[in-house]
Structures are given as C-alpha cells and as structure tokens.
Q: 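Below: one structure in structure tokens.
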Amino acid sequence: MSFNTITYTVEDGVAVVTLNRPDRLNSFNLEMHCELREALKCVETDPLVRCLVLTGAGRGFCAGQDLSDRKDTDVPDLGDSIDKNYNPLIRKLLGMPKPIICAVNGVAAGAGASLALACDIVVAAESAYFVQAFCNIGLIPDSGSTWHLPRAVGLPRAKGLALLGEKLPAPQAEEWGMIWKSVEDDNLMDDVMAMARNLATKPTKALAMIKAALQESTANSYHLQLEVEKEYMRKAGRTKDFREGVAAFMEKRKPNFTGE
Ligand code: T3D
C-alpha cells in the first residue's frame, strides 16, 4: 500500500504504521490524517493483521498539529479540526479490536503525546520525551490527554505536565506509570517487534474484549463492571481460540490461536 505521509507494512500478523514527515517531526497535516485513517481501516478489517505497531520516522515520534497550517488563519475553528480529525482518530484507536503498541522513537509533543497515550502499550526509546506542548502556544491538551493523563499519572502530575509544558523524559514517564517501559534506543524496534509478534499469536478476540472491558471500567461502577465482565466472558467462551486454549492446556502443548 502506498502513501505519501505514512508507510504501511504487514508481516507475521503485525502491521507497522510509520508516521513519515520527519522534517516536520511527523506533525499532522490533513493528508496525514486521511492516510492514517485509511491505514487504520486496513488494520481493522484485514484478518491477517492481529497487532498494530505505530511509530515515527526520523528523530521524532510526532509533534502534534503541523503549526505551519495554522499560521495564516486569524481565528481558526480548532473545534472543527478536533471534531473531524483528531477525535475520530483517537476513537478509532480506542475501539480497535486488536492490540496497538506505540513505539515512541523520539519526541512526542502536543497531539503526538496524546496519540501515544491512546495506544494500548507504549514503549519509548530512553532518549525520547513527552511534552504537553499545548500551553506553550495558548491551547489546551486534546486528543484525550485530559482524560488519559490524570488516570495514568494522577491529577497533581497531570496538572504539572499540562500547565508547565515541560519535557517528561521516557524513563521518568515509565517511573510515573504513564507508559509501559522505556528501553535502550538501539533496542526499541527489536523489542517492540518481538512483543508485537507475540501479541499477534494470542487469542485476538479475547484481547479485543480485554481492551473493551478495561476501557468501559472507567465509566462503570464496580457492580456494573462485574456485569460487563460476565458478558465478555460469555462471548470469549464461544470463541474457537478458547476451545484451542483449553485443548492445548490439557494436551500439554503450545496453543495455536487463529484469532477466531
Ligand atoms: O490546530 C488544530 O487542529 C488543533 C489541534 C492541535 C493539536 C496539537 O498538537 S497543538 C500542539 C502542536 N505542537 C506543538 O506545539 C509542538 C511544536 N514543536 C515543538 O515544540 C518542538 O519542535 C519540539 C519540542 C517538538 C521539538 O523540539 P526540537 O528543538 O527538538 O526541534 P525543532 O527544531 O523545534 O523542530 C525541528 C523541525 O520541525 C523545525 O523545522 P526546521 O526549522 O528544521 O525547518 C520545526 O519547525 C519543525 N516542527 C516541529 N514541530 C512542528 C514543526 N513544524 C510544524 N508543526 C509542528 N508542530
């Protein structure tokens, strides 16, 4: 599949989407939004894809909105931009019925940081950092950051990050529980791809239900969540992969999950 602002490859059940505007630190323009939407549709519908890796080309992961597209507009309707592009993107990631690993190869700023936080597992290079850059240009955190940040790091740290707009180095983001882990720069893609290939061999439908149940828990009472678990458990019990998992356990062999 050929794109201008991203690359898209599939191998061993893993789709890799690379944001590819390195001279602008992979910041978003409209074309990148459109192409990413297209790629995510492929990830969702291609049964051969069972895990997505999202990363960036060059020295940055993503610097959020391309600000050169905003410089000539006096009073832009940014709500419209959020409504048409950023919110649908974040909703697509949250609802993706397959696990998503974000390989943060360098700076993740503005909506780029929000994008990373909307993925399921974030692995960052040690030299990478996160910046809630919005306050530095008179904006507010978007693309789910005001929701994800306080839940990930607690309100006091979320406020510090969002109000100060300072760099949060990847190792500290790991220490604060904002990301899964930081790894040596040279190991980032090897570690991420090993994790992705492993996830692509797991029972994909159960993983999708795990994502959904955890997501739903944030809005539910404890008792309601027990009901949510019951319903997903019912569905999981009807999958082919569950039968395979039990059979493999009983036969003392490795399961061969097909994602069905
Ligand atoms: O507008 C809407 O639709 C609403 C939604 C908004 C969502 C948002 O994301 S708002 C936040 C937008 N992003 C930012 O404010 C971040 C701006 N960038 C920076 O603060 C810094 O570039 C970084 C902290 C990310 C990295 O700093 P540094 O020193 O490593 O790199 P640099 O020299 O600043 O940037 C390198 C190049 O990338 C440079 O271009 P040049 O001079 O080499 O030609 C720079 O202009 C360009 N670049 C970086 N970020 C952006 C960008 N160009 C356009 N837009 C960017 N966001």
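Every number for a ligand or one of its atoms is a count from 1 in the order of the listing.
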Q: Who's the nearest protein heavy-atom neighbour of atom 52 (C) of ligand 1, and how far?
A: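 Ranking protein heavy atoms by distance from atom 52 (C) of ligand 1, first comes Arg24 O, 4.1 Å.
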Q: Above 12 or not: heavy atoms from other molecules or residues under 6.0 Å from CH2 of Trp180?
A: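 Incorrect, the count does not exceed 12.
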Q: Within the side chain of Lys98, is there an N or O that forms a donor-acceptor pair under 3.5 Å with the backbone of Val43?
A: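 Yes: the side chain of Lys98 pairs with the backbone of Val43.
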Q: Scan side-chain atoms only and decide if Asn20 and Thr7 contain a donor-acceptor pair under the 3.5 Å cut-off.
A: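 Looking only at side-chain atoms, Thr7 and Asn20 do not form any donor-acceptor pair under 3.5 Å.
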Q: How does Ala109 reach ligand 1, by side chain, by backbone, by both or by neither, if only non-hydrogen atoms under 4.0 Å count?
A: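 It is the side chain that gets close, since no backbone atom is under 4.0 Å.
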Q: What is the minimum heavy-atom distance between Thr239 and Glu260, and which atoms define it?
A: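 What the structure gives for the nearest pair is CB-O, 3.6 Å.
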Q: Measure from atom 19 (C) of ligand 1 to the protein's non-hydrogen atoms and state whether any distance is below 4.0 Å.
A: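 No, no protein heavy atom sits under 4.0 Å from atom 19 (C) of ligand 1.
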Q: Identify, by atom number and element, the atoms of ligand 1 in contact range of Ser81, meaning under 4.0 Å from any of its heavy atoms.
A: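 This gives 2 (C), 3 (O) as the contact atoms.
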Q: Considering only heavy atoms of Tyr129, which atoms of ligand 1 have at least one such atom less than 4.0 Å away?
A: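 By the 4.0 Å cutoff, the relevant atoms are 24 (C), 26 (C), 27 (O), 30 (O).
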Q: Which ligand 1 atoms are under 4.0 Å away from a heavy-atom of Gly64?
A: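 Under 4.0 Å from Gly64, ligand 1 has these atoms: 9 (O).
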Q: If you have a sec, work out which protein heavy atom is nearest atom 31 (O) of ligand 1 and how many Å separate them, to one decimal?
A: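 For atom 31 (O) of ligand 1, the nearest protein heavy atom comes out as Arg59 NH2, 3.0 Å.
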Q: Would a search of protein heavy atoms around atom 1 (O) of ligand 1 find one under 4.0 Å away?
A: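 Under the 4.0 Å cut-off, atom 1 (O) of ligand 1 does have protein heavy-atom neighbours.
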Q: I'd like to know whether NZ of Lys211 has more than 12 heavy-atom contacts from other residues, nucleotides or ligands below 6.0 angstrom.
A: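 Count over threshold, so yes.
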Q: Which of the numbered atoms in ligand 1 are under 4.0 angstrom from any heavy atom belonging to Asp23?
A: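 Counting from 1, the qualifying ligand atoms are 37 (C), 38 (O).
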Q: Could a heavy atom of Asn136 be found less than 4.0 Å from some atom of ligand 1?
A: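 The answer is no: ligand 1 sits nowhere under 4.0 Å from a heavy atom of Asn136.
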Q: When you measure from atom 54 (C) of ligand 1 to every protein heavy atom, which one gives the shortest distance, and what is it?
A: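 That would be Asp66 OD1, 3.2 Å.
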Q: Checking Leu199 against Arg50 for the side chain to side chain contact (heavy atoms under 4.5 Å, CB included) test, could you report, in this order, the C-alpha distance in whole Å, the side-chain angles of both residues, the deciding distance, and whether it holds?
A: CA-CA 7 Å; Leu199 281 167; Arg50 292 169 62 189; over 6 Å; no
Q: Any chance you could measure Met96, atom CE, to Leu207, atom CG, to the nearest 0.5 Å?
A: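 If I round to the nearest 0.5 Å, the distance is 13.5 Å.
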Q: Is it true that atom CD of Glu11 has more than 12 heavy atoms of other residues, nucleotides or ligands lying nearer than 6.0 Å?
A: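 Counting neighbours around CD of Glu11, 12 or fewer heavy atoms of other residues, nucleotides or ligands fall under 6.0 Å, so no.
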Q: Under a 3.5 Å distance rule, please check whether Asn105 uses its side chain to pair with a backbone N or O of Ala125 as donor and acceptor.
A: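 Between the backbone of Ala125 and the side chain of Asn105 there is no qualifying donor-acceptor contact (under 3.5 Å).
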Q: Would you please say whether a donor-acceptor pair under 3.5 Å links the side chains of Glu174 and Ser182?
A: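 The criterion, which ignores hydrogens and geometry beyond distance, is satisfied for Ser182 and Glu174.
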Q: My question is simple, although I want it checked carefully: is atom 29 (O) of ligand 1 less than 4.0 angstrom from any protein heavy atom?
A: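 So atom 29 (O) of ligand 1 lacks protein heavy-atom neighbours under 4.0 Å.
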Q: Under 3.5 Å between any N/O of Ile82 and any N/O of ligand 1: does that happen in this structure?
A: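 N/O-N/O distance below 3.5 Å does not exist for this pair.
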Q: Identify the protein heavy atom lying closest to atom 10 (S) of ligand 1, giving its residue, its atom name and the separation to 0.1 Å.
A: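 The answer is Phe134 CD2, 3.7 Å.
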Q: Which protein heavy atom lies closest to atom 22 (O) of ligand 1, and at what distance to 0.1 Å?
A: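 Nearest protein contact, heavy atoms only, for atom 22 (O) of ligand 1 is Leu25 CD1, 3.9 Å.
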Q: For atom 35 (O) of ligand 1, is the nearest protein heavy atom under 4.0 Å away?
A: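 Yes, at least one protein heavy atom sits under 4.0 Å from atom 35 (O) of ligand 1.
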Q: Can you list the atoms of ligand 1 that are under 4.0 Å from a heavy atom of Tyr86?
A: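 Result: 3 (O), 5 (C).
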Q: Give the atoms of ligand 1, by number and element, whose distance to some non-hydrogen atom of Leu78 is under 4.0 Å.
A: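 That gives atoms 1 (O), 2 (C) of ligand 1.
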Q: Students should be able to answer this: which protein heavy-atom is nearest to atom 57 (N) of ligand 1, and at what distance?
A: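 Sorting protein heavy atoms by distance from atom 57 (N) of ligand 1 puts Gln65 O, 2.8 Å first.
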Q: For the pair Asn220 (side chain) and Glu216 (backbone), establish whether a donor and an acceptor sit closer than 3.5 Å, ignoring hydrogens and angles.
A: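 Yes: the side chain of Asn220 pairs with the backbone of Glu216.
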Q: Against heavy atoms of Asp142, which atoms of ligand 1 measure under 4.0 Å?
A: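 Every atom of ligand 1 under 4.0 Å from some heavy atom of Asp142: 5 (C), 6 (C), 7 (C).
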Q: In terms of atom number and element, which parts of ligand 1 are under 4.0 angstrom from non-hydrogen atoms of Ile137?
A: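 Listed by number with element: 11 (C), 15 (O).
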Q: If hydrophobic clusters are built from ILVMFWY residues whose side chains come within less than 4.5 Å, do Leu40 and Phe3 share one?
A: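 Yes, same cluster.
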Q: Out of Leu67, Leu30, Val131, indicate the one that has the non-hydrogen atom closest to atom 55 (N) of ligand 1.
A: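 Answer by nearest heavy atom: Leu67.
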Q: Suppose we measure from atom 16 (C) of ligand 1 to each protein heavy atom; which comes out shortest, and what is that distance?
A: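 For this ligand atom, the closest protein heavy atom is Ala63 O, 3.7 Å.
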Q: Is atom 50 (N) of ligand 1 close to the protein, meaning a heavy atom under 4.0 Å from it?
A: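 Yes, because at least one protein heavy atom sits under 4.0 Å from atom 50 (N) of ligand 1.
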Q: Got a sec: does the OH of Tyr232 have more than 12 other heavy atoms crowding it under 6.0 Å?
A: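 Enclosed: over 12 neighbouring heavy atoms sit under 6.0 Å from OH of Tyr232.
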Q: Less than 3.5 Å apart, any donor N or O on the side chain of Tyr8 or Glu35 sitting next to an acceptor on the other?
A: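 There is no such pair (donor and acceptor under 3.5 Å, judged by atom type) between the side chains of Tyr8 and Glu35.
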Q: Does atom 39 (C) of ligand 1 have any protein heavy atom closer than 4.0 Å?
A: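 No, there is none.
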Q: Do protein heavy atoms approach atom 45 (C) of ligand 1 to less than 4.0 Å?
A: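 No.
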Q: What's the verdict on salt bridge (Lys or Arg N to Asp or Glu O under 4.0 Å) for Glu44 and Lys41, showing C-alpha distance, side-chain angles and the deciding distance?
A: CA-CA 5 Å; Glu44 187 172 6; Lys41 211 181 290 168; over 6 Å; no
